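Only a predicted model underlies this, so the values are computations on that prediction, with no experimental measurement involved.
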Amino acid sequence: ELEVRLNLRLFAEYVRDRHLSLRDRRRLLERVTVWLSVDEELPPVLLTRFLHYWQQERYCEDEASRRIVDALPDKLFERGAKKTLHEIAVAVRSHFESAPALSERCSRAAAELGLPAAMGWLGHGLVHAWLGRGMPTSQRLEEGALWMRRGAAAGDSDTAALLGSHLLHGDFSEAEP
């Protein structure tokens, strides 16, 4: 299976590089991005792989093409696809740790759309600095605590348990920020 996948990838890259003009590639990427944003039957892991592939410079040296693909989370946000955005954030974190900004962006969008699990995921990621780079700043800690409180208040039991653990350990103050 791996050999077949590698051969297909090599063939696809050959066709793309030899037979598509940059203008044609951008036009096709735009079509594919729109299709991915409206087809509710597609598994989020497919969207995750698409986003991750096209955001890597080694596969896509064209900044304009990356911007086209980068619009996919915005299109999902406009459609209100909070569950899909959250599942993309989780998949990116699980499979592509090199893309914390994408995970944070999708998680934040799902949280802003009101998905309690995404609120908790975003808060937890901000507090533990696996969203973004390096140690969390006090501002990101406060924002993380706020999102965790929102997720717990919205009924997400996993977030409530995490928040309780942080409060017991004195990581946050019990007062609302």
Minimal non-hydrogen separation, V127 against A145, with atom names: CG2-N, 4.0 Å

So which pairs with a foot in residues 20-48 pass ring-ring contact (aromatic ring centres under 6.0 Å, His included), sequence neighbours left out? none

Looking at S103 and A89, would you say the former's side chain and the latter's main chain have a donor-acceptor pair under 3.5 Å? yes

Name all residues meeting the side-chain contact (heavy atoms from CB on, under 4.5 Å) criterion together with T48; count only those two or more places apart in sequence or in a different chain, and write none if there are none. I88, A91, V92, F96

Shared ILVMFWY cluster between L46 and V34, side chains joined below 4.5 angstrom? no

Is it true that L113 and L36 fall in one hydrophobic cluster, defined by side-chain heavy atoms closer than 4.5 Å? yes

same_hphob_cluster(L42, L85) at 4.5 Å side-chain heavy-atom cutoff: yes

Could you work out, with side-chain contact (heavy atoms from CB on, under 4.5 Å) as the rule, every residue matching A81, not counting sequence neighbours? L76, R79, T84

Hydrophobic cluster membership, L51 vs Y53, 4.5 Å side-chain cutoff: yes

Once side-chain contact (heavy atoms from CB on, under 4.5 Å) is applied, do any residues pair with V38, and if so which ones, sequence neighbours excluded? none

Drop me the distance from S107's OG to E112's CD, to the nearest 0.5 angstrom. 10.0 Å

Taking every non-hydrogen atom, the tightest pair across G120 and T159: CA-OG1, 3.1 Å

Audit row: E143, R149, salt bridge (Lys or Arg N to Asp or Glu O under 4.0 Å) steps and yes/no: CA-CA 10 Å; E143 182 185 7; R149 284 184 172 94; over 6 Å; no

Just jot down the side-chain contact (heavy atoms from CB on, under 4.5 Å) partners of A111, sequence neighbours excluded, or say none. A118, M119, L122, W147

Go through the steps for E142 and L146 under the test side-chain contact (heavy atoms from CB on, under 4.5 Å), then give the verdict. CA-CA 6 Å; E142 288 176 24; L146 178 63; over 6 Å; no

If you group Ile, Leu, Val, Met, Phe, Trp and Tyr by side-chain heavy-atom gaps below 4.5 Å, do V90 and L115 land in one group? no

Apply side-chain contact (heavy atoms from CB on, under 4.5 Å) to R108 and L126, showing your working. CA-CA 10 Å; R108 187 175 297 280; L126 292 170; 4.1 Å; yes

List the residues meeting side-chain hydrogen bond (donor to acceptor under 3.5 Å, both in side chains) with K83, not counting sequence neighbours, and say none if there are none. E87

Kindly write out the residues that satisfy salt bridge (Lys or Arg N to Asp or Glu O under 4.0 Å) with E78, not counting sequence neighbours, or none if the list is empty. none

Sequence neighbours excluded, the answer for side-chain hydrogen bond (donor to acceptor under 3.5 Å, both in side chains) partners of R31 is none

Determine, step by step, whether W121 and R93 satisfy the side-chain contact (heavy atoms from CB on, under 4.5 Å) criterion, reporting the C-alpha distance in whole Å, the side-chain angles of both residues, the deciding distance to 0.1 Å, and the verdict. CA-CA 11 Å; W121 177 266; R93 166 74 174 129; 3.6 Å; yes

Can you tell me how far CZ of R26 sits from CG of D24, rounded to the nearest 0.5 angstrom? 11.0 Å

For a quick test of your reading: what N or O donor-acceptor pairs under 3.5 Å do the side chains of residues 163-170 make, sequence neighbours left out?
| from | atom 1 | to | atom 2 | distance (Å) |
| --- | --- | --- | --- | --- |
| H166 | ND1 | D171 | OD2 | 2.7 |
| H166 | NE2 | H128 | NE2 | 3.3 |
| H169 | ND1 | S165 | O | 2.7 |

Would you give me the side-chain donor-acceptor pairs under 3.5 Å for residues 64-74, sequence neighbours excluded?
| from | atom 1 | to | atom 2 | distance (Å) |
| --- | --- | --- | --- | --- |
| S65 | OG | D62 | OD2 | 2.4 |
| R66 | NH1 | C60 | O | 2.1 |
| R66 | NH2 | E63 | OE1 | 2.7 |
| D70 | OD1 | Q55 | NE2 | 2.9 |
| D70 | OD1 | R105 | NH1 | 2.6 |
| D70 | OD2 | R105 | NH1 | 3.4 |
| D74 | OD1 | R105 | NH2 | 2.9 |
| D74 | OD2 | R105 | NH2 | 3.0 |

